[in-house]
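Below: the structure, in structure tokens.
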Protein chains: 2
Amino acid sequence: MHKKLFIPGPVEVRKDVLEKMATPMIGHRSKDASALQRGISDKLRKVFYTKEEILLSTSSGSGLMEGAIRCTTKKRAAVFSIGAFGKRWYEMAKFNNVPADLFAVEMGEAITPEMVDDALSTGKYDSIFVTHNETSTGIMNPIEEIAEVVKKYPEVVFCIDAVSSAAGSKIEVDKLGIDICVTSSQKAIGLPPGLAICTFSKKALERAKTIEFRGYYLDLLQLYNFIQKKDYQYPSTPSISHMYALDYALDLMLEEGLDNRFNRHIEMAKYVRAWAKKYFDLFGDEKHLSNTVTAIKNTRGISVADLNKELGKRGFAISNGYGDLKEKTFRIAHMAEMTLDDIKELLENIEDILNLK
Amino acid sequence: MHKKLFIPGPVEVRKDVLEKMATPMIGHRSKDASALQRGISDKLRKVFYTKEEILLSTSSGSGLMEGAIRCTTKKRAAVFSIGAFGKRWYEMAKFNNVPADLFAVEMGEAITPEMVDDALSTGKYDSIFVTHNETSTGIMNPIEEIAEVVKKYPEVVFCIDAVSSAAGSKIEVDKLGIDICVTSSQKAIGLPPGLAICTFSKKALERAKTIEFRGYYLDLLQLYNFIQKKDYQYPSTPSISHMYALDYALDLMLEEGLDNRFNRHIEMAKYVRAWAKKYFDLFGDEKHLSNTVTAIKNTRGISVADLNKELGKRGFAISNGYGDLKEKTFRIAHMAEMTLDDIKELLENIEDILNLK
């Protein structure tokens, strides 16, 4: 039996979107491929509120995160971490011999604009990396406030991991001065995993040109140059199946209306939070809760593994806590094509299994 | 109208394989994901005639080619090129600050075992990179003879680009002493693009452990360690859709029988070559022609672009020549699930369009 996925990625994918994954192949050097990929970039510019370029990579979000830190750091990278995925960005720097410092807070906390200001005011850094939404803790960083601080440092290239928030939470890339905003297909966009996406500003482009060893497959400059020269065709054969599904999903998204979509995510998040407060408690700083995933503190000491097993029998899946938080929290994702009714159905089943009523 | 693809990737994909791309999602940290991915590795070991580990990467073949050169070269890489994709491997080394030398022959020629012996006997190299099948020229290197030479140098890690030949041409990885054999989903395996595959020997593993900056997403050692620890789950969210389709395609492949499959490819190749000799001529060294793609010399000075346009109206697509060979050659791929009847139908249409009879 299929389990409906309330995990923070891969998300549940609509049947009609899944069917687009089965579209027959076309040549990746054909005019049809150019038209498809150009159209996707045009639509994604709307989702990201940007006039800058969009790059697609056949990889997970981690692929473009690595490309971003390698292609933008000439001096030193300041990596701000609020959980597992912030730390991953720092590791990517280390594994590529890119100078970097890690600024981490406790699990459940957010970055403050002051922390960013303190770091950047040292003049040591020419790139900054911030997780927008941390799925391991259900925390969403105050990206607008952080952006205001980063704007004071025009030499700093500003990179955001919006893997689990883009298309589910409003991120006005150009207005915030974000140079590279990375996301992935299998989260709030509502596609299967396998495709990564990022915005790429002129500033990021100019910085990349000054860096000698950017690698090949994940080199953002190569992707940029190639799509300019070859009308949105990519250097290596891309996942054409994901392109078809993404193009279709973007049409659905723009039809729903971006603000409607973001509000739907907020509405679902509020409902889950209220439910969590009633029966359990919320994990982490309540001023910075995520719109796409909620981490619930296991105040009742239930077995999260057993709960998920029972939910599985009924056709649902949620996530246990991440890493050390495995049994101390559990996580419910409310993103992509989920509706409030889906969320209500899930929570009623949890209430029933745990005899909460 | 859909055009049946006789281009050297992406290939025509069977309808039932395409439909597997639309399988509903599962969590990538679930037992189901482990079972699926473990099963794929078991089946791929048969296709590659290896007892060593199989690594999957959500990327194009270029992704794992880059990973291979970065993870195995401590001293210096010897890269042997017979066309566009051999050169690409050399560029990957350069773009990652990996010391490398390029040994290139003219387009249409193959590498000789003597060339390899001359290079390795200098003692300068601890890794070697050879294209098995070069789609840009339709040439297949004499990999068995080259392997015999490489065996004389036990410190050298032996890497093969079999992107456009694996599963279409027999490559006995363990017998030949190949340490890393890279391929990709959209060629002779018969899947849509988006997934790369490689074999990974103990020797490659031990070498990778000695190299400090291997990157993150394309680090073969990380992939290896993670699947050992997490029962064939991958560090980043993989393309689950491709996993389902690959698992199914491998069943079809093993059902056909590997030798039957390789013979079918040889039979198609022979037919296309004979046809080419009758109406045009073959491009390149006739002692080393590819079993999966044939490059035909445009001795009649036809417009390849016009031919492809007319073929397109009838529901077929072939490839023009690669790069400088654009109008001087044209290429017909005969791989994956194509049959001799498909090939005959295509060639009859070409005869008809060009009034060859």
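Just so we're on the same page: letters track the sequence lines, and every chain starts at 1.
Interatomic distance, A/N96 CG to B/N96 CG, rounded to the nearest 0.5 Å: 8.0 Å. Residue A/H242 holds its NE2 atom at 6.5 Å from CE of B/M21, rounded to the nearest 0.5 Å. Here the straight-line distance linking atom OG of A/S236 with atom CD of B/E66 works out to 9.0 Å at 0.5 Å rounding. We find the CD1-CD1 distance between B/I7 and A/I26 to be 9.0 Å, quoted to the nearest 0.5 Å. In this structure, CD in A/Q186 is found 4.5 Å from OG1 in B/T237, a value given to the nearest 0.5 Å.
Looking at A/S59, the atoms closer than 4.5 Å to chain B (heavy atoms on both sides) sit in the backbone and in the side chain alike. The part of B/P238 that comes within reach of chain A is its backbone (N, CA, C, O), which places non-hydrogen atoms under 4.5 angstrom from that chain. In this structure, chain A has a heavy atom under 4.5 Å from the backbone of B/T23, while its side chain stays farther away. If you measure heavy-atom distances from A/K4 to chain B, you find no contacts under 4.5 Å at all. Contact annotation for B/K15: neither backbone nor side-chain heavy atoms come within less than 4.5 Å of a heavy atom of chain A. Only the side chain of B/H2 comes within less than 4.5 Å of a heavy atom of chain A; its backbone N, CA, C and O stay farther away. Contacts between B/L195 and chain A at a heavy-atom distance below 4.5 Å are absent for every atom of the residue. For B/V98, no part sits under 4.5 Å from any heavy atom of chain A, backbone or side chain.
Smallest separation of non-hydrogen atoms from B/P193 and A/M25: CD-SD, 3.5 Å. Between B/G194 and A/T58, the closest heavy-atom pair is CA-CG2, 3.7 Å.
For the residue pair A/R29/B/N320, the side-chain donor-acceptor check at 3.5 Å is not satisfied.
Looking at heavy atoms from C-beta onward, B/H28 lies in side-chain contact with A/P10 at the 4.5 angstrom threshold.
The only option from B/S241, B/S239, B/P24 that meets the side-chain contact (heavy atoms from CB on, under 4.5 Å) definition with A/P192 turns out to be B/S241.
The most heavy-atom pairs under 4.5 Å with chain A, out of B/L18, B/D32, B/V11, come from B/L18. Between chain B and the options A/M65, A/K20, A/M92, A/R70, heavy-atom pairs under 4.5 Å are most frequent for A/R70.
Within residues 207-224 of chain A, the residues having any heavy atom closer than 4.5 Å to a heavy atom of chain B are A/F213, A/R214, A/G215, A/Y216, A/Y217, A/L218, listed by residue number.
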